[in-house]
Amino acid sequence: MANKTQRTTASVEDFIAAVEHKGRREDSLILLELMKRATGFEPAMWGDSIVGFGEYHYKYDSGREGDFLMTGFSPRKAAMSVYIMPGFNLYEEQLARLGKHKHSVSCLYLSRLDKLDLTALEEMVVDSVRRMKEISVRWKP
């Protein structure tokens with residue numbers, strides 16, 4: 001069974017330009033540059049609403065395997081979603097410095113970037129990509 005969210009050839013720039021909410025559009029441009037710098041990867045669209053950086057191959061004990069982004073973001077209506085694939089239990093110190101946020105297992109929900117410590121966010125992105133390279137079956141930019 002393949003992952004529903006696949007890498008596409010759609011334009012990241014066109015996607016961001018079409019984000020309806022002005023604040024999310026502006027924050028998307030900030031995250032685009034932050035993640036390019038932090039990962040060294042060029043962005044690619046994943047599905048119709050995720051800007052991803054890097055790609056890794058996973059294989060579970062169950063036999064299920066696939067490819068997914070190493071990190072990325074999506075300007076959702078309710079909040080900006082930032083994907084940190086190793087999860088957040090490794091980043092308590094950065095989360096404490098970050099500012100107001102919510103998170104699930106591997107998704108960080110942010111409302112306004114101008115109220116956050118972006119250095120803490122960048123540290124999480126850098127470290128998470130390093131960890132994903134170490135644990136992945138294989139990876140590519």
What is the minimum heavy-atom distance between [X] and [Y], and which atoms define it?
X: S136; Y: Y56; value: OG-CB, 3.2 Å
X: G72; Y: F53; value: CA-CD1, 4.2 Å
X: A78; Y: R24; value: O-NH2, 3.1 Å
X: A38; Y: V125; value: CB-CG1, 3.7 Å
X: D14; Y: S11; value: N-OG, 3.0 Å
X: L110; Y: L108; value: CD2-CG, 3.7 Å

Original post:
Using 4.0 Å as the upper bound for N to carboxylate O, is an ion pair formed by E20 and K77?
Top reply: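 The answer is no: the pair does not qualify as a salt bridge.
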Original post:
Is it true that K36 and E33 have a side-chain N and a carboxylate O under 4.0 angstrom from each other?
Top reply: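 Result for this pair is yes, salt bridge flagged.
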Subject >> Sequence-distant partners of H101, ring-ring contact (aromatic ring centres under 6.0 Å, His included), two or more places apart >> reply: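 ring-ring contact (aromatic ring centres under 6.0 Å, His included) list for H101, sorted by chain: H103.
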Cut-off 3.5 Å, no hydrogens considered: what does the side-chain donor-acceptor table look like for residues 82-94, sequence neighbours left out?
from: Y83; atom 1: OH; to: R76; atom 2: NH2; distance (Å): 3.2
from: Y91; atom 1: OH; to: D127; atom 2: OD2; distance (Å): 2.7
from: Y91; atom 1: OH; to: S128; atom 2: N; distance (Å): 3.2
from: E93; atom 1: OE1; to: R97; atom 2: NH1; distance (Å): 3.2
from: E93; atom 1: OE2; to: R97; atom 2: NH1; distance (Å): 2.8

Flag the pair [X] / [Y] as yes when at least one side-chain heavy-atom distance between them is below 4.5 Å, and no otherwise.
X: L98; Y: M124; result: yes
X: Y109; Y: S81; result: yes
X: M80; Y: R112; result: no
X: V51; Y: L69; result: no

**OP:** For K133, look at atom NZ and say whether over 12 heavy atoms of other residues, nucleotides or ligands are found less than 6.0 Å away.
**Re:**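 Counting other residues, nucleotides and ligands, NZ of K133 exceeds 12 neighbours.
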Original post:
Under 6.0 Å from the CG atom of D48, do we count more than 12 heavy atoms belonging to anything else shown?
Top reply: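 Result for CG/D48: open.
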Spacing of [X] atom [atom1] and [Y] atom [atom2] [to the nearest 0.5 Å]:
X: E55; Y: T71; atom1: CD; atom2: OG1; result: 14.0 Å
X: L113; Y: S28; atom1: CG; atom2: OG; result: 8.5 Å
X: E134; Y: M132; atom1: CD; atom2: CE; result: 10.5 Å
X: T5; Y: W46; atom1: OG1; atom2: CH2; result: 8.5 Å
X: F68; Y: K4; atom1: CZ; atom2: NZ; result: 11.0 Å
X: M70; Y: R130; atom1: CE; atom2: CZ; result: 12.0 Å

Original post:
Please walk me through it: do L118 and I30 pass side chain to side chain contact (heavy atoms under 4.5 Å, CB included)?
Top reply: CA-CA 10 Å; L118 295 182; I30 292 167; 4.0 Å; yes
Original post:
Are F73 and V105 in one and the same hydrophobic cluster, where Ile, Leu, Val, Met, Phe, Trp and Tyr link if side-chain heavy atoms are under 4.5 Å apart?
Top reply: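 No, F73 does not connect to V105 through the hydrophobic network.
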Original post:
Same hydrophobic cluster for V129 and V126, using side-chain heavy-atom links shorter than 4.5 Å among ILVMFWY?
Top reply: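 No, separate clusters.
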Subject >> Candidate pair L116 and L121, rule side chain to side chain contact (heavy atoms under 4.5 Å, CB included), full reasoning >> reply: CA-CA 8 Å; L116 300 177; L121 179 60; 5.8 Å; no
Subject >> side-chain hydrogen bond (donor to acceptor under 3.5 Å, both in side chains) partners of D67, counting only residues at least two apart >> reply: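 If we apply the side-chain hydrogen bond (donor to acceptor under 3.5 Å, both in side chains) test to D67, skipping adjacent residues, the hits are H57.
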**OP:** May I ask you to decide if V19's main-chain N or O and R25's side chain share a donor-acceptor pair within less than 3.5 Å?
**Re:**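 Judged by distance alone, yes, a pair lies under 3.5 Å.
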